**Q** 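So that we are looking at the same thing, I have put the structure below in structure tokens.
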Amino acid sequence: MTTLTRRTLLQRTAASAGALIVPSFTTAADGQTIQHMTIKPATQVLFEDAASPLWTYEGRTPGPVVRATKGERVRVRFTNHLDEPTSVHWHGIRIENRMDGVSGLTQDPIQPGESFTYDFLAPDAGTYWYHAHNRSWNQVARGLYGPLIIDEPDLPFPKDRDITLILDDWRLNHEGVLDEESIGSLHDWSHAGRLGNWLTVNGESLPTHTLQQGKPHRLRLINASNARTLQIDPTLFKAKVLAYDGQALPEPSAVPGSPLLIAPAQRVDLLVVPQEGFSVEEVSGDEGFAFLRFDLQGDTGDPVPVPAISQNSILEPDLENATLHSLAMEGGAMGGRVAIRHKGQILEREEIMATGQFWVMNGDAGLTDTPFFRAKRGETVILEVINSTAFDHAMHTHGHHFRILAPNGASIDETEIWRDTFLIGPRQTIRIAFVATNPGKWLFHCHMLEHAAAGMNTWFEVIG
Ligand code: C2O
Ligand code: CU
């Protein structure tokens with residue numbers, strides 16, 4: 001493993017800030033716009049002047065912003081110039097099932113040389129992202145992700161005060177280059193996943209962004225890390241929370257605790273009204289890592305009111321008439337002995353190592369032929385997740401946002417948060433509730449991508 005530390009890297013790196021790359025469009029016969037993306041290898045500097053071999057959308061990571069207004073249609077045509085099949089998942093947005101981008105469940109993967117057009121209506125405004133969903137532990141680790149931003153029709157924040165910051169935790173080798181050798185390490189698969197040693201913001205090291213003094217800004221943070229739960233303390237720059245996982249709160253609210261945990265795949269939109277420049281530190285490692293800096297321009301003129309963000313309408317769960325499904329999560333390192341059933345067979349020790357299946361959900365590692373549960377459209381589902389492992393997990397429901405219930409399951413958490421990914425700690429039990437509104441086959445998996453690859457992956461079906 002690398003001996004590179006964040007601090008030694010830090011001292012040698014210069015700051016710069018560039019924009020996300022410019023999307024390319026064509027117009028279809030029906031007058032609709034299609035965005036085009038080529039999926040291809042490219043080199044990119046993540047650290048100092050060391051070029052890393054990455055996999056990209058359009059030659060750079062993160063890929064171009066996909067942006068539309070709520071209610072509009074999004075069309076993106078991807079052409080795969082990799083040597084392996086891929087597919088693209090639109091994380092957190094409630095779109096129709098056949099556009100969900102899950103290889104092997106909702107579509108056949110896009111083979112090398114082939115193209116596929118994703119075409120969906122954006123039902124909700126908010127901060128989402130897209131990423132590869134075939135061998136994600138490999139493809140996302142190499143850079144295959146980008147932001148998906150759906151604007152509220154009334155555009156609460158002007159574009160120059162609405163800033164997308166997609167964060168990634170890279171594992172670099174001692175030369176400061178993406179450590180490719182350790183991608184797929186079974187140690188990572190059976191422990192905490194692929195943790196890195198270098199953070200980038202929009203693919204850049206230690207960028208400086210410029211904000212306008214005294215004006216309200218929306219900072220959209222997206223955690224694209226394979227496995228690291230990012231920890232930052234927004235109270236240090238007097239930020240409030242505008243939205244979690246794309247869903248706006250009724251009004252800006254206090255940061256629930258410090259540090260704020262942003263699990264893999266989670267998003268948080270922050271409200272910042274800066275009076276002075278500041279940097280943002282990530283504190284999950286041995287030492288704090290200041291990875292992002294804000295300078296100010298202009299001077300505080302008349303105060304600008306904080307815009308209100310309109311909420312999406314999501315059906316409230318009907319807890320009185322809900323169906324409960326329990327999911328026991330077991331296995332992994334330090335998890336004790338558990339039987340691991342994979343594709344219907346209990347694995348022997350050598351088979352566990354050969355398949356890399358270390359984790360089970362209700363006894364099964366990986367997708368089974370029949371779903372974990374079926375729900376009728378309109379039915380409220382309570383999912384009880386029991387984490388008997390020694391690790392944290394970041395559990396993600398495809399196609400649905402949910403409420404996290406209070407521990408006794410009796411009432412909805414008054415924080416009024418909708419999420420699509422929740423963090424669960426070792427030996428913790430959490431219940432979530434949602435109305436099964438979206439017909440089709442949906443994954444429920446750990447978004448620590450090594451855990452998903454190593455068994456923490458199941459699915460449910462909404463019928464009707
Ligand atoms: Cu970000 Cu299965 O997804
Ligand atoms: Cu996990």
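Order of listing sets the numbers, starting from 1, for every ligand and every atom in it. What you are looking at is a predicted structure, and each value in this text was computed from that prediction instead of being measured.
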**Q** Hey, which of His342, His445, His393 is the one that makes ring-ring contact (aromatic ring centres under 6.0 Å, His included) with Trp359?
**A** His393
**Q** Whether the Ser284 and Glu282 side chains hold a donor-acceptor pair (N or O, under 3.5 Å, no angle test) is what I'd like checked.
**A** yes
**Q** Classify the ring geometry of Phe402 against Phe422: parallel below 30°, tilted from 30° to 60°, perpendicular beyond 60°.
**A** perpendicular
**Q** Just distance, no hydrogens or angles: give the donor-acceptor pairs under 3.5 Å from side chains in residues 144-152, sequence neighbours left out.
**A**
{"from": "Tyr145", "atom 1": "OH", "to": "Asp168", "atom 2": "OD2", "distance (Å)": "3.0"}
{"from": "Asp151", "atom 1": "OD1", "to": "Arg67", "atom 2": "NE", "distance (Å)": "3.4"}
{"from": "Asp151", "atom 1": "OD1", "to": "Arg67", "atom 2": "NH2", "distance (Å)": "2.9"}
{"from": "Asp151", "atom 1": "OD2", "to": "Arg67", "atom 2": "NE", "distance (Å)": "3.0"}
{"from": "Glu152", "atom 1": "OE1", "to": "Arg218", "atom 2": "NH1", "distance (Å)": "3.2"}
{"from": "Glu152", "atom 1": "OE2", "to": "Arg218", "atom 2": "NH1", "distance (Å)": "3.4"}
{"from": "Glu152", "atom 1": "OE2", "to": "Arg218", "atom 2": "NH2", "distance (Å)": "3.4"}

**Q** Please give me the protein atoms (N, O or S only) lying under 2.8 Å from the Cu ion (ligand 2), ordered by chain and number.
**A** His393 ND1, Cys446 SG, His451 ND1
**Q** Strictly by modelled atom types, are Arg194 and Ser182 linked by a side-chain donor-acceptor pair under 3.5 Å?
**A** yes
**Q** Looking only at side chains, do Thr79 and Glu114 share a donor and an acceptor under 3.5 Å apart?
**A** no
**Q** In His445, what N, O or S atom is nearest to atom 2 (Cu) of ligand 1, if we give its atom name?
**A** NE2
**Q** Does the ring center of Trp170 lie less than 6.0 Å from the ring center of Phe47?
**A** no
**Q** Side-chain atoms of residues 454-462: list all donor-acceptor pairs with protein atoms under 3.5 Å, sequence neighbours left out, distances to 0.1 Å.
**A**
{"from": "Trp459", "atom 1": "NE1", "to": "Thr368", "atom 2": "O", "distance (Å)": "2.8"}
{"from": "Glu461", "atom 1": "OE1", "to": "Arg374", "atom 2": "NE", "distance (Å)": "3.0"}

**Q** Which protein N, O or S atoms does atom 1 (Cu) of ligand 1 have within a distance shorter than 2.8 Å?
**A** His91 ND1, His131 NE2, His447 NE2
**Q** When you compare the side chains of Asn312 and Lys70, does any donor N or O come within less than 3.5 Å of an acceptor on the partner?
**A** yes
**Q** Would you call the rings of Trp198 and Phe289 parallel, tilted or perpendicular, taking 30° and 60° as the class edges?
**A** tilted
